[in-house]
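Report on one structure; see the data block that follows.
Counting convention: from 1, in listed order, for ligands and their atoms alike.
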Amino acid sequence: MKIDLHYIPVRSLVDGYENRGYEGVVGYGGLLDIRPKFQREFIYDIKQRRAVIETILEGFPLNVMYWSLQTDPVSGRTEYELLDGQQRTMSICEFVEGEFSVEIDGYPKNFDNLSIEDQNKILEYKIMIYHCEGGEDEKLRWFEIINIAGETLKAQELRNAIYTGPWLSDAKRYFSRENQAAHLLSRDYVNAGEVDRQALLEKAISWIAGKGDDNIKSYMNEHRLDPNAHALWTYFKNVVDWAKLTFPVKRSYLRSVPWNVLYEQFKDATLDSQALEDRVKTLMSDDEVQKRSGIYTYILTGDERALGLRVFTDNQKRVAYETQNGICPRCGEHFEFEAMDGDHIVPWAKGGKTIQSNCQMLCIRDNRSGS
Ligand SMILES: [Zn+2]
């Protein structure tokens, strides 16, 4: 891979700038693809865009940007793809086009309202750009390194940069933006974080492929050239539809439930959603339950650990310890306080509360072996 540094004035960068929406964005006399297919969806807010212009007006350096070079096989013309610096580049072009203003001496000014001196300051400002020449794989590898160094992309945005292809294009039609099918379907049942930054796509893949970077990457790699992402969408939809039918009453806690795990275990079971809802209702008002999102898992699996049940405070345990004189009631031996733990005499499932009169100290071995 060949890399060299160039200084390009804003005047040349904004020449021929055109934002054609989904069709792409070009600049630099039509030779620069400002939003290539592997670039992020995430967009600067107005404060960040203004900061770019203010940096230029102050004459401070902007961080270096990266363009990759390629020669058009037909025309032989050298063209450029923006590897890093998309949001800064778009901010500059949009400002010169008059799409937003900055505040100068307390007044909002767009490009045309600036003094000729300030306009020239912007147009003559030189941006540091590395030109990178290499194959597709090298380019993506380079892109990955730049972004790790800059920490500018979320993990899934980075994966999207690497595993491009028809599968990803289709997956993005469902999962990449708010108000797309997946978000509309799942917003009451799935907390995906920032959909525009690919969090929902990440969640959907982790449901079908397993959690973690390695699982997600190998799934994306395996399906990269698939003609579409129907399998991913269908699986996601099945899981969410099942969750909706099983637990139709909306509560914010629904969004933290690992639905894919429950779906895999119970999709073929016959479940009475009204009876389930009655139990959810009761448990929601149980003061002993600390993790209410775990109620849904507990009701199906019976695993109390999902509920984050209340535990005794150090003071309650200390009082019980002193009352027992440090003797474990199971084995009758004496232990240090640190070698014992608090135990519910009447367990939670039988109505026992986390109160002093229900607290006993057991040695760790007896506590682990259960009652
Ligand atoms: Zn014991």
Side-chain angles (χ1 to χ4, degrees), residues 189-191 203 206-207 209-215 239 242-243 246-247 249 251-371:
Y189 285 77
V190 178
N191 179 12
K203 175 148 279 186
S206 76
W207 277 8
K211 272 188 185 173
D213 190 52
D214 286 347
N215 285 331
V239 174
W242 176 84
T246 311
F247 296 103
V249 177
R251 290 183 180 87
S252 60
Y253 300 108
L254 289 168
R255 293 196 199 96
S256 308
V257 178
W259 292 118
N260 60 316
V261 176
L262 297 178
Y263 172 80
E264 284 303 331
Q265 225 179 325
F266 297 99
K267 61 185 170 190
D268 299 321
T270 307
L271 299 168
D272 177 347
S273 63
Q274 186 53 57
L276 292 175
E277 168 58 19
D278 291 345
R279 295 191 64 199
V280 172
K281 217 177 183 52
T282 306
L283 288 166
M284 280 289 165
S285 42
D286 187 332
D287 185 45
E288 297 284 320
V289 174
Q290 304 278 285
K291 194 183 167 205
R292 292 198 168 87
S293 62
I295 289 172
Y296 301 92
T297 298
Y298 167 73
I299 285 177
L300 294 177
T301 64
D303 186 351
E304 281 181 14
R305 286 172 303 178
L307 296 173
L309 292 171
R310 222 175 255 290
V311 294
F312 291 108
T313 64
D314 273 358
N315 190 259
Q316 287 172 318
K317 291 194 279 191
R318 179 62 74 175
V319 169
Y321 180 83
E322 296 303 335
T323 309
Q324 296 169 215
N325 295 314
I327 307 290
C328 169
R330 291 273 163 81
C331 59
E333 285 174 41
H334 181 271
F335 294 91
E336 297 286 325
F337 178 78
E338 288 72 20
M340 304 183 89
D341 211 347
D343 176 65
H344 290 75
I345 299 169
V346 179
W348 169 79
K350 293 184 177 150
K353 303 284 181 213
T354 308
I355 51 176
Q356 190 67 61
S357 60
N358 196 33
C359 178
Q360 65 180 352
M361 292 296 277
L362 296 181
C363 71
I364 284 168
R365 196 194 61 205
D366 281 323
N367 194 40
R368 287 211 183 117
S369 69
S371 44

| query | If you take all heavy atoms of Gln356 and Gln316, which pair is closest and at what distance? | reply | NE2-O, 2.9 Å

| task | Report yes or no: do Asn260 and Glu264 form a side-chain donor-acceptor pair below 3.5 Å? | result | no

| query | Parallel, tilted or perpendicular for Trp259 and Phe247, by the 30°/60° rule? | reply | tilted

| said: Around the Zn ion (ligand 1), how many protein N, O or S atoms are found at less than 2.8 Å? | reply: 4

| message | To check you understand the geometry: which heavy-atom pair defines the closest contact between Asn358 and Phe312, and what is its length? | response | O-CZ, 3.5 Å

| said: How about NZ on Lys267, more than 12 heavy atoms from neighbouring residues, nucleotides or ligands closer than 6.0 Å, or not? | reply: yes

| said: I need the minimum non-hydrogen distance between Glu288 and Lys353, along with the two atoms involved. | reply: OE2-CA, 3.6 Å

